[in-house]
Structures are given as C-alpha cells and as structure tokens.
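Every chain is numbered from 1 and lettered A, B, ... according to where its sequence line falls, protein lines coming before strand lines. In this text the structure is predicted, and so the values were computed from the model without any measurement.
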There are 2 protein chains.
Amino acid sequence: MSNTRVPPSIEPAAADAVAPCCPPLAERPLTAEEAEVAARMFKALGDPVRLRLFSAVASHEGGEACVCDISDVGVSQPTVSHHLKKLKEAGLLTSERRGTWVHYRVEPSVLAAMGKLLTAAPR
Amino acid sequence: MSNTRVPPSIEPAAADAVAPCCPPLAERPLTAEEAEVAARMFKALGDPVRLRLFSAVASHEGGEACVCDISDVGVSQPTVSHHLKKLKEAGLLTSERRGTWVHYRVEPSVLAAMGKLLTAAPR
DNA sequence: CGTCTATGTTGACAGCTGTCGAAACAGGTG
DNA sequence: CACCTGTTTCGACAGCTGTCAACATAGACG
C-alpha cells in the first residue's frame with residue numbers, strides 16, 4: 001500500500017474531511033473511499049496519548065484548551081506537539097495562537113460525524 | 001494446537017475490554033488506563049480494510065456474515081483473515097464455525113460503548 | 001536589544017503493522 | 001478413503017508510527 005495521502009497540510013482540507021463522511025457502519029458496507037476517510041479519524045484516536053489529549057481538550061472549558069493545560073500525559077513535550085499536530089491534520093482539532101500560548105479546540109462536527117458512524121442500525 | 005470445537009481463544013481481556021469502558025470523551029479527561037482500553041478499539045477500526053470488513057459484517061443480515069461474503073475488499077484472503085483476527089482480538093467481532101463456513105458477528109455492546117464515547121457533552 | 005518562557009520542527013531509531021506467498025488445517029463430497 | 005474448497009497460520013519484508021534529544025521559532029518582558 002503506498003498511497004501518499006499526505007495532504008498539502010494547508011488546513012482547509014481538514015474541515016472538509018469531516019462533515020460529509022459516511023453512513024453508519026451498520027447501514028451499508030463502506031466503500032473503499034469512505035473507509036479511508038473514516039479510518040483516518042479512527043486512526044487518529046487509536047493512540048492512548050492522542051486519545052487523552054483529545055479528551056482533555058474536549059472536556060476543557062468551552063472545548064478549548066491551552067497546550068500548557070493538557071501536556072501532562074506522560075510523554076515529552078515534543079511528543080505532545082507531534083500528537084497534537086496529527087490530530088489537527090486529521091481534522092479533529094484546530095489550533096489558534098493567542099499571544100504566548102497556543103489553544104486547541106475540538107471541531108464539534110467531528111464528534112457528531114463519528115457518533116453517527118457508530119449508530120446502531122434500527123434493525 | 002487446536003483439535004477441539006471449544007474455542008479456547010476467547011481471551012478474557014477481549015470481552016473485558018468492551019463493556020466497562022469509559023465515559024464520553026468530552027465529559028472528563030480520560031485516565032491513562034481508560035485511554036488505553038478505548039484506544040485499542042479505535043485502533044482496530046483505524047485501518048480502511050478492517051473498517052470495511054467490520055462495516056460489511058455489521059450491515060449484513062442479522063449482523064452476521066460468512067467470510068466468503070465479505071472477503072472482497074481488495075486484499076488477499078490471508079490478509080482478510082488476519083484483519084478479522086485483529087477485530088476479534090479487539091473484542092469487536094466474534095466468530096463461529098457453522099460447517100464449512102465461518103461466520104463473524106458484531107458484538108452489539110461495542111457499537112453502543114463506542115457511540116457513548118463520542119457523545120457530545122451536554123454543555 | 002537581550003533574554004526568557006512556551007511551542008513547534010528536525011533527525012534518528014526501535015518497534016509495530018499491513019501485506020503477501022506458501023503451507024497447514026477443517027470439513028464436505030464423491 | 002482420496003480429493004476439493006474454504007479458512008487460518010507461518011515466515012518474511014517494506015513502510016509507517018511513536019518516541020526522544022537537540023535545535024529553531026514566536027512572543028513577552030525588562
């Protein structure tokens with residue numbers, strides 16, 4: 001498999017990737033493309049450190065948190081930055097620099113989209 | 001190594017891992033252990049092939065499908081078997097041999113648990 | 001301007017992961 | 001019993017991933 005899906009990382013693709021994602025997993029077999037889009041999001045949450053970072057941001061006041069508030073997850077700060085970058089690339093987080101500190105925010109539509117994916121079919 | 005029809009391969013960790021998982025991601029920052037458990041499930045769905053296999057099983061009649069019905073995902077059959085094994089180890093699927101064919105079934109509580117994880121906090 | 005704190009980037013490395021071909025196993029059929 | 005089909009396991013390999021130390025950048029402060 002060697003498909004270069006490394007986007008130009010100019011962020012606008014991020015918001016795009018989440019909204020029109022896929023039907024619930026139990027509704028229809030996903031197509032290859034749908035699966036690739038959805039798998040990217042699941043993969044981003046498939047690491048304990050990233051999951052903790054994401055949860056920390058999501059549960060923080062206003063769904064927004066400074067790096068300094070969430071960087072206590074047991075790994076070095078460069079690693080934290082690396083994971084945050086990956087979450088951002090996956091379209092799950094957005095970042096904004098407010099003076100000295102950088103604030104990360106959860107993209108609300110992401111939770112909705114992923115939640116819908118895991119909706120049980122009314123069978 | 002296995003001549004019995006009693007499947008000894010039900011790793012206790014697997015069944016354990018699904019039911020008592022974690023609170024919604026946006027409710028509280030996950031602990032390290034919670035994150036590890038949840039990340040295992042997300043990771044299992046973090047591969048396009050596995051996601052398609054899971055979706056194919058989940059959307060099949062009765063939430064159950066024969067390997068022969070879902071093995072058309074673009075990779076060789078050994079690879080399909082490998083991914084199904086991983087999904088089974090993650091506690092997302094269960095397998096049962098009915099004569100010649102092996103049927104995989106979705107563990108219903110898994111969808112519920114993961115759906116709950118992605119529930120937006122009532123903020 | 002110089003320095004200090006807060007983040008991000010780079011380069012490198014061990015370890016895991018996905019993939020395949022070949023072989024083994026399970027069960028049905030003639 | 002021999003044979004055939006469906007499924008899993010084995011062994012191997014390229015490529016991705018997570019991690020860190022060291023360095024670079026951005027803004028604040030004196």
Within 6.0 angstrom of B:Glu64 CD, more than 12 heavy atoms from elsewhere: yes

task: May I ask you to evaluate whether A:Lys43 reaches the phosphate of C:dT17, defined as a side-chain N or O under 4.0 Å from OP1 or OP2?
output: no

query: Base, sugar-phosphate alone, or nothing: which one does A:Arg50 contact when heavy atoms must sit under 4.0 Å apart?
result: sugar-phosphate

query: D:dT5 phosphate, OP1 or OP2: any side-chain N/O from B:Thr100 under 4.0 angstrom?
result: no

message: What contact category does A:Val49 fall into here, base, sugar-phosphate, or nothing, at under 4.0 angstrom with non-hydrogen atoms?
response: sugar-phosphate

message: Does a side-chain N or O of A:Tyr104 approach OP1 or OP2 of C:dG8 to a distance below 4.0 Å, or not?
response: yes

message: For D:dT19 and A:His83 - does any side-chain N or O of the residue sit under 4.0 Å from the phosphate oxygens OP1/OP2?
response: yes

task: Give one of base, sugar-phosphate or nothing for A:Ser81, where a contact means two heavy atoms less than 4.0 Å apart.
output: base

statement: Taking every heavy atom of B:Asp47 against every heavy atom of A:Ala39, the minimum-distance pair comes out as C-CB, 3.8 Å

- line: A:Leu92 and A:Val110 have their tightest heavy-atom pair at CG-CG1, 3.7 Å

Donor-acceptor contacts, no H, no angles, side chain residues 80-87 of chain B, under 3.5 Å, sequence neighbours left out:
{"unit_1": "B:His83", "atom_1": "ND1", "unit_2": "B:Arg50", "atom_2": "NH1", "d": "3.2"}

field: Residue-phosphate contact under 4.0 Å: B:Lys86 side-chain N/O, C:dG18 OP1/OP2
entry: yes

